[in-house]
Asks: 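Please find one structure pasted underneath; my questions will follow.
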Amino acid sequence: MIQAQKGTKDILPEDVLTWQNMEQKANEVFSKANFQELRTPIFEATELFARGVGDSTDIVNKEMYTFEKSERSLTLRPENTAGVVRAYIEHGFSRLPQPVKLWYKGPMFRYERPQAGRQRQFHQVGVEMFGSAEPSADAEVINLAVKYLNELGLNDLEIEINSLGCPDCRAKYREAIKTVLKPYLPELCEDCNFRYEKNPLRILDCKVDSCKKIFEKDEVQKVILGDFICPECKEHFEKVKEYLTALNIPFKENKLLVRGLDYYNRTVFEIKSNNLGSQNAVCGGGRYDSLVETLGGVSTPAVGWAMGMERLFSLIQKFKSKRLDVFVVSENIAETFKIIDELRTNGFSAEFDYANRKFKKQLDKAAKTAKYALILMEDELKSNTVTIKNLDSSEQVNVSRDEYLSYIKI
RNA sequence: GCGGGUAUCGUCAAGUGGUCAAGACCUCGGAUUGUGGUUCCGAUAUGCAUGGGUUCGAAUCCCAUUACCCGCCCCA
C-alpha cells in the first residue's frame, strides 16, 4: 500500500470548504488594499534560495528539496519571498509605479522532521510590498495581516515586533552581544556556542533554561535593552509603532525577536497563538531592503510576511459542507437526467441515485442528504408532473413540469 | 540530526499467551415491491504495520524494519 509521504497530507473534502474560505478571504482583504496576486513556479534555481534566503540558514543548509535535471540544480521552494523577488526583477516591476504590492498563496517544501504544526509540504499565504522605505509600508503590511486574521475570526493573537536596525547598527549590536557573552561561553549550551560564531543574535532565542538565566543577568540585559540602533532606524521604528497605535493594533515589543532568515533588516514581527503547541507562530515577516539588490535587481526597499495556512486552519472555525438542494427520486434514468440538468442549469445543486435502488431507499438517501426530494415516478411521468417534497416540513405538492422550479426555495 | 511515544476493519476502539479477534459509528442488504431521517434484523478483519524468532499454542513475549505522532533544533 502506497501512502502519502511523511510530512504531507491530503486536504479532504470535508476540510476543503474551510480552505477555500481562507483563500477567498485572502483575496478579498488584499484586493481591497490593492494588492495583486502573483503566482510563481513551485521550483526555482537552487541558487535563488541559496542567495536569497541565505546560506547560513537551516532552510538552505539542510531543509531544501533539491534535485538535478539536465545539468541544472533545482529546488522546490521552501518559501516564496525569493521567488516573488525574482519575478519582480525578471519582469521589470521596478518600472511600474511604486510601490508594487503583491500577495501569493501556495505550497512550500521543507525537509524537516514533522510534528504538530509542521509538515514537509505546507501552505503559506503571504504579502510583499516593494518600493517604499517608509514606515507606513511596514504598518500597512502588518495591518493587512491583522485584518486578514480578523476576517478569519481570529482576534486575540499576540503581535510582537522588534527592529533589527540597519546593517551598520546590527553589526554594533552583534559585537556588543559577543563581548558581553564571551565570559559565559562555557556555561552556554552547545547550540549557543555554535550560534556565537555564526549568528550571535539568534543566541537570544535560545530556550535552554541555563542559557536563559545568563540572559537575565544585569549586564546582559543592559546590552539587550540598550539602544544600539542608529537614530534613523530608531525613528523608523517609532513611526511604525505610532501607526500601529493609530490603527488600534495592540503589539508587544520584544527585543529578543530575531527572525531566522538572513534578509531581514529594521522591522521584524511575529504573530503568535497559544493554541498551537510548540510551533506557535502563525505569521512572520519584516523588512528586507537589500534582497532585491542581492538577487541582481536595482536596490529596492521591501517589506512583507508569510502565514502558515495549516496553522491558521487549526485555529479557525471550520465550515460544514452545504446540504444538497434537490435529490431526484425516480426509476427512469433518462427523464431524471433531463430534470437534473434543468435543476443545475437553474442554479440548484442536484443529484440522484446511481445505484438503481428502490423508491424507499432513494427517499431515505434524499432525506439524509438534501433539502428537497423531487419525485418522478410512474404517476408523475404519466401526468407530466413532478412531486416536490420539502424534507424538513414533510409537505409535498404535485405540480406540472413547467412550473416546478418555483416551488423549490433555497 | 537527536530524544520520547504509538501501530487491531473506512473511523473510534476492546483484547495483557489458550474457544470462531468484543462493541460502536459509517457503508451495504432486508422488515410483502410509491413516502424518508426513529426502530428492528442481517452482512462486513482466516486478519491484529512488515519480517523474523520464542512457544504445543502469540494481536498478546523478544529482535529488527517501516510508518505515524510528540518534543529539541528550526520555522509559517
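Chain letters run A, B, ... following the sequence lines, proteins first and then strands; every chain starts at 1. Atoms considered below: every heavy atom in the structure, side chains included; atoms not considered: hydrogens, waters and symmetry mates.
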Asks: Suppose we call a contact any N or O donor and acceptor under 3.5 Å apart; does that hold for the side chain of A:Q279 and the base of B:rC74?
Replies: yes
Asks: Determine the contact category for A:G117: base if any of its heavy atoms lies under 4.0 Å from a base atom, sugar-phosphate if only primed atoms, P, OP1 or OP2 are that close, otherwise nothing.
Replies: base
Asks: Provide the distance between the two P atoms, one in B:rA7 and one in B:rC61, to the nearest whole Å.
Replies: 11 Å
Asks: What nucleotide, of B:rC73, B:rA67, B:rC75, holds the atom closest to the side chain of A:R110?
Replies: B:rC75
Asks: Could you measure between the two P atoms, the one in B:rU39 and the one in B:rA24, and give it in whole Å?
Replies: 13 Å
Asks: With sequence neighbours excluded, give me every salt bridge (Lys or Arg N to Asp or Glu O under 4.0 Å) pair touching residues 332-350 of chain A.
Replies: A:E335-A:K338, A:E335-A:R401
Asks: If you find the nucleotide of RNA chain B closest to A:A116 and the one closest to A:Y264, which residue's nucleotide is nearer the 5' end?
Replies: A:A116
Asks: To the nearest Å, how far apart are A:N280 CG and B:rC75 P?
Replies: 13 Å
Asks: Strictly by Watson-Crick or wobble contacts shorter than 3.5 Å, is anything paired with B:rA49, and which nucleotide is it?
Replies: B:rU65
Asks: Output side-chain donor-acceptor pairs under 3.5 Å for residues 122-129 of chain A, partner residues at least two apart or in another chain, one line each.
Replies:
residue, atom, partner, partner atom, Å
A:H123, ND1, A:E310, OE2, 2.8
A:E128, OE1, A:Y288, OH, 2.4
A:E128, OE2, A:T81, OG1, 2.7

Asks: Just distance, no hydrogens or angles: give the donor-acceptor pairs under 3.5 Å from side chains in residues 372-387 of chain A, sequence neighbours left out.
Replies:
residue, atom, partner, partner atom, Å
A:Y372, OH, A:K409, N, 3.1
A:Y372, OH, A:K409, O, 3.1
A:E380, OE1, A:M377, N, 3.1
A:E380, OE2, A:T387, OG1, 2.6
A:S383, OG, A:D379, O, 3.0
A:S383, OG, A:E380, O, 3.4
A:S383, OG, A:T385, OG1, 2.9
A:T385, OG1, A:N398, OD1, 3.4
A:T385, OG1, A:N398, ND2, 3.2
A:T387, OG1, A:N398, ND2, 3.0

Asks: Atom CE of A:M307 to atom C1' of B:rC75: distance rounded to whole Å?
Replies: 15 Å
Asks: Can you tell me how far C1' in B:rC48 sits from the matching atom in B:rG15, rounded to whole Å?
Replies: 10 Å
Asks: Once you round it to whole Å, what is the distance between P of B:rU11 and CG of A:L12?
Replies: 11 Å
Asks: I'd like the C1' distance from B:rG51 over to B:rC56, given in whole Å.
Replies: 24 Å
Asks: Name the pairing partner of B:rC56, where a pair is Watson-Crick or G-U wobble with both distances under 3.5 Å, or state none.
Replies: B:rG18
Asks: For B:rG71, what is the paired nucleotide under Watson-Crick or G-U wobble rules, both distances under 3.5 Å?
Replies: B:rC2
Asks: Between A:K62 (NZ) and B:rC2 (P), how many Å, whole number?
Replies: 11 Å
Asks: Under a 3.5 Å cut-off for both contacts, is B:rG42 paired Watson-Crick or G-U wobble with anything, and if yes, with which nucleotide?
Replies: B:rC28
Asks: Start at the 5' end of RNA chain B and walk down; is the nucleotide closest to A:A306 or to A:K6 reached first?
Replies: A:K6
Asks: Using a cut-off of 4.0 Å between protein heavy atoms and nucleotide atoms, how would you tag nucleotides 25-35 of chain B 5' to 3' with B, S and -?
Replies: ---SSSS--BB
Asks: Once the angle between the rings of A:F43 and A:F67 is folded into 0 to 90°, is it parallel (under 30°), tilted (30 to 60°) or perpendicular (over 60°)?
Replies: perpendicular
Asks: Check every strand shown and say whether A:K272 touches a base, only sugar-phosphate, or nothing at a heavy-atom separation below 4.0 Å.
Replies: nothing
Asks: With rounding to whole Å, what would you report as the distance between B:rG10 and B:rU44 at their C1' atoms?
Replies: 11 Å
Asks: What integer number of Å spans the P atoms of B:rU60 and B:rU19?
Replies: 15 Å
Asks: Please determine whether any donor N or O and acceptor N or O are separated by less than 3.5 Å between the side chain of A:R113 and the base of B:rC74.
Replies: no
Asks: How many Å lie between CD on A:Q115 and P on B:rG5, as a whole number?
Replies: 17 Å
Asks: Which word best sums up how the rings of A:F109 and A:Y65 line up, parallel for under 30°, tilted for 30 to 60°, or perpendicular for over 60°?
Replies: perpendicular
Asks: If you take atom types as modelled and just measure distance, does the side chain of A:R118 reach the base of B:rC70 with a donor-acceptor pair under 3.5 Å?
Replies: no
Asks: Return all side-chain donor-acceptor pairs below 3.5 angstrom for residues 8-19 of chain A, not counting sequence neighbours, or 'none' if the list is empty.
Replies:
residue, atom, partner, partner atom, Å
A:T8, OG1, A:Q5, N, 3.1
A:T8, OG1, A:Q5, O, 2.6
A:T18, OG1, A:F319, N, 2.9

Asks: What is the distance, rounded to the nearest whole Å, between atom CD of A:Q124 and atom C1' of B:rC75?
Replies: 9 Å
Asks: Please report the distance, rounded to the nearest Å, between CD in A:E270 and C1' in B:rC75.
Replies: 9 Å
Asks: How many Å lie between CD on A:E14 and P on B:rG10, as a whole number?
Replies: 16 Å
Asks: Could you name each residue pair satisfying salt bridge (Lys or Arg N to Asp or Glu O under 4.0 Å) that touches residues 269-297 of chain A, not counting sequence neighbours?
Replies: A:D138-A:R287, A:E160-A:K272, A:R259-A:E270, A:E270-A:K272, A:R287-A:D289
Asks: Is a side-chain donor or acceptor of A:Y148 paired with a backbone partner of A:M22 at a separation under 3.5 angstrom?
Replies: yes
Asks: Should A:K241 and A:E238 count as an ion pair when the cut-off is N to O under 4.0 Å?
Replies: yes
Asks: Please report the distance separating the C1' of B:rA31 from the corresponding atom of B:rA22, rounded so that it comes out in whole Å.
Replies: 27 Å
Asks: What integer number of Å spans the P atoms of B:rA21 and B:rA43?
Replies: 15 Å
